[in-house]
Amino acid sequence: GAEELRSWGGRMQGSTRSLGLVAAALAVLGVACIALAVSHHAGAQAAQQELVSSGSKQARLFQVATGQSLDANYEVSGSMQTAEQPSEGVPISFELPVALPGPAPPPGPNVINIGPRPKKVPVCKKCEQQMKEIQKITDKIRRENEMAKSLQDDQSDMVEEYQEKMRQAFEKIDDRVFKKGRKYVEEIRKLKTRPGPMGPQGAPGSNGLDGVPGKPGKPGPVGPPGVEGIVGPMGKQGPQGYIGPRGPPGPVGLAGEVGKEGPVGPIGPPGPAGESENAKCSEIGGRVYKNVCFKSVKLESNSDDIPDQCEVFSPKTAWTEQDMIALQQMFKDRPTWNEINVNANGGLCTNFKATMAFEQHNSPVGVWANANSFIYNPSHASYPKCQLYGDKSSIAVYACNL
């Protein structure tokens, strides 16, 4: 199939070259015909002048028929000059194949002159010779036109034959693919089987290699106390421990002497906010949580951004994770998860004036908390980065003193 396609391509290229050579030959012959026609026209004009001077009036008319062009792509145009008109060129324009002469005009009426015998009309032998040559060239052009048309018909037949063979080849390929696909489906259906009854259990295999040790489990519950052992010798005094919780008050002792006035103690936590406190907080655009007025601000960098009309202070409290989530839900401006990202860059720190700062997105959020107000650490890092600004969604919450 590939060899036939290459042979058809070579035949088509050879036919195209032959058609180009024929078109070039026709162009040369057309130029020659136009030159002979111009020369004949000049000779005819000279003969007419002689006939007018001798008193005879005779003219020969002929008409050139318009032929059908073989290929519109071949077109020749130009200009030429003749010896009879040296001053200006004669523009010519024609299409290939050259138009063939049409039928001769009808003969003119017979004129009978009464009077003196007219002189013998001169015969232009050169004109007759040129007309014969033009007739030969015309016949040759007609034969070449027929040959070119035959070449075009051969090319059209070759193209149609090529297209038909390609269509048959594609149909054969489609048939083979379809047959193979159907055959594969039948083979696959034959291979399908049903599971048989379960066989007896085989002998146990040998023990495999030990796997990778797993992660340590969570600590188990505390067991019951054991039997009290024998008291050992008294050991050395250890370091001073943490201050424990305050015990119950003892019995009232005797009144002692009045001592000197002591120094002023630290400021205690703010008392419960009354209606006037809520009104004042609302006037500055804040919200009250556990008797403390808070205002929020959108952060743009890792630095404090004090809200307007807010005298910032740090409440001395021991708030937990629940308080942190409550403040987050109170001041968020978009849907935000309640889960805290303990691997973020926040932490329990005192390097900013804010009470807390948190991120906002649909995943665990990073939180910065003030150690003066919270006892819950939102970061599990040993050395937290203590960054107030997490990302572009971060909001800082400040406690305002009214």
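Numbering starts at 1 and runs along the sequence shown. When reading the values below, keep in mind they use all heavy atoms of this one structure, side chains included, and skip hydrogens, waters and symmetry mates.
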Check: Thr320 side chain, Tyr376 main-chain N or O, donor-acceptor pair, under 3.5 Å: no
query: Do Glu187 and Lys183 meet the salt-bridge criterion of a basic N to acidic O distance under 4.0 Å?
result: no
field: Pro315 side chain near Phe313 side chain, heavy-atom distance below 4.5 Å
entry: yes
field: Residues that Glu160 engages under salt bridge (charged side-chain N to carboxylate O under 4.0 Å, His left out), provided they are two or more places apart
entry: none
- request: Classify the ring geometry between Phe294 and Tyr289 as parallel (under 30°), tilted (30 to 60°) or perpendicular (over 60°).
  value: tilted
field: Heavy-atom closest contact (Ala344 atom, Ser379 atom, distance)
entry: O-OG, 4.2 Å
- prompt: Taking all atoms of both residues into account, what is the closest heavy-atom pair of Leu402 and Cys281, and its distance?
  reply: CD1-N, 3.8 Å
message: Quick one: does any side-chain atom of Ser150 pair with a main-chain N or O of Glu146 as donor and acceptor, under 3.5 Å?
response: no
- line: Taking every heavy atom of Gly346 against every heavy atom of Pro384, the minimum-distance pair comes out as O-CB, 3.5 Å
- line: Across all chains, not counting sequence neighbours, the salt bridge (charged side-chain N to carboxylate O under 4.0 Å, His left out) partners of Lys290 are Asp323
- prompt: With sequence neighbours left out, what residues match Glu164 under salt bridge (charged side-chain N to carboxylate O under 4.0 Å, His left out)?
  reply: Arg167
message: If the test is side chain to side chain donor-acceptor pair (under 3.5 Å), which one of Asp304, Thr355, Asp305 qualifies with Tyr398?
response: Asp304
field: Any side-chain heavy-atom pair of Ile395 and Asp333 under 4.5 Å
entry: yes
query: Do Glu277 and Asn291 touch side chain to side chain, with heavy atoms closer than 4.5 Å?
result: no
message: Within the structure provided, determine whether Asn338 and Ile325 are in side-chain contact (heavy-atom separation under 4.5 Å).
response: yes
message: Can you list everything that forms a salt bridge (charged side-chain N to carboxylate O under 4.0 Å, His left out) with Arg176? Sequence neighbours excluded, please.
response: none
task: Assess whether atom CD of Glu171 is packed by more than 12 heavy atoms of other residues, nucleotides or ligands within 6.0 Å.
output: yes
Pairing of Lys172 and Asp175 as salt bridge, 4.0 angstrom limit: no
Side chains of Met356 and Leu327 in contact at under 4.5 Å (non-hydrogen atoms): yes
field: Flag side-chain contact, heavy atom, 4.5 Å: Lys332 against Phe358
entry: yes
task: Could you tell me which non-hydrogen atom of Cys293 sits nearest to which non-hydrogen atom of Gly286, and how far apart they are?
output: SG-CA, 4.3 Å
message: Would you say the ring centers of Trp368 and Phe352 fall short of 6.0 Å from each other?
response: yes
task: Side-chain contact test, heavy atoms from C-beta onward, threshold under 4.5 Å: evaluate it for Ile306 versus Val297 and give yes or no.
output: no
- request: Mark yes or no for whether Arg287, through its side chain, and Lys295, through its backbone, hold a donor-acceptor pair below 3.5 Å.
  value: no
query: Is there a donor-acceptor contact under 3.5 Å from the side chain of Asn401 to the main chain of Glu311?
result: no
statement: Nearest heavy-atom contact between Ser393 and Arg334 is CB-NH1, 3.8 Å
- request: Check Lys385 against Asn345 and note the closest heavy-atom contact, atom names and distance.
  value: CD-OD1, 3.4 Å
query: Can any side-chain N or O of Asn372 pair as donor or acceptor with the backbone N or O of Ser314 at less than 3.5 Å?
result: no
message: Check whether Gln328 reaches the backbone of Trp337 with its side chain - one donor and one acceptor, N or O, closer than 3.5 Å.
response: yes
- prompt: Is it true that a side-chain atom of Glu359 and a backbone atom of Gly366 form a donor plus acceptor pair closer than 3.5 Å?
  reply: yes
query: Hey, does Asp157 have a side-chain heavy atom less than 4.5 Å from the side chain of Glu161?
result: no
statement: For residues 353-402, the disulfide (SG to SG under 2.5 Å) pairs (sequence neighbours left out) are Cys310-Cys400, Cys349-Cys386
- prompt: Are Arg142 and Asp139 close enough, and set up right, to give a salt bridge (charged side-chain N to carboxylate O under 4.0 Å, His left out), and what steps lead you there?
  reply: CA-CA 5 Å; Arg142 183 184 294 107; Asp139 295 339; 3.0 Å; yes
statement: So the disulfide (SG to SG under 2.5 Å) pairs with at least one residue in residues 198-271 (sequence neighbours excluded) are none
query: Would you say the side-chain atoms of Asn370 pair up with the backbone N or O of Ala354, donor to acceptor, closer than 3.5 Å?
result: yes
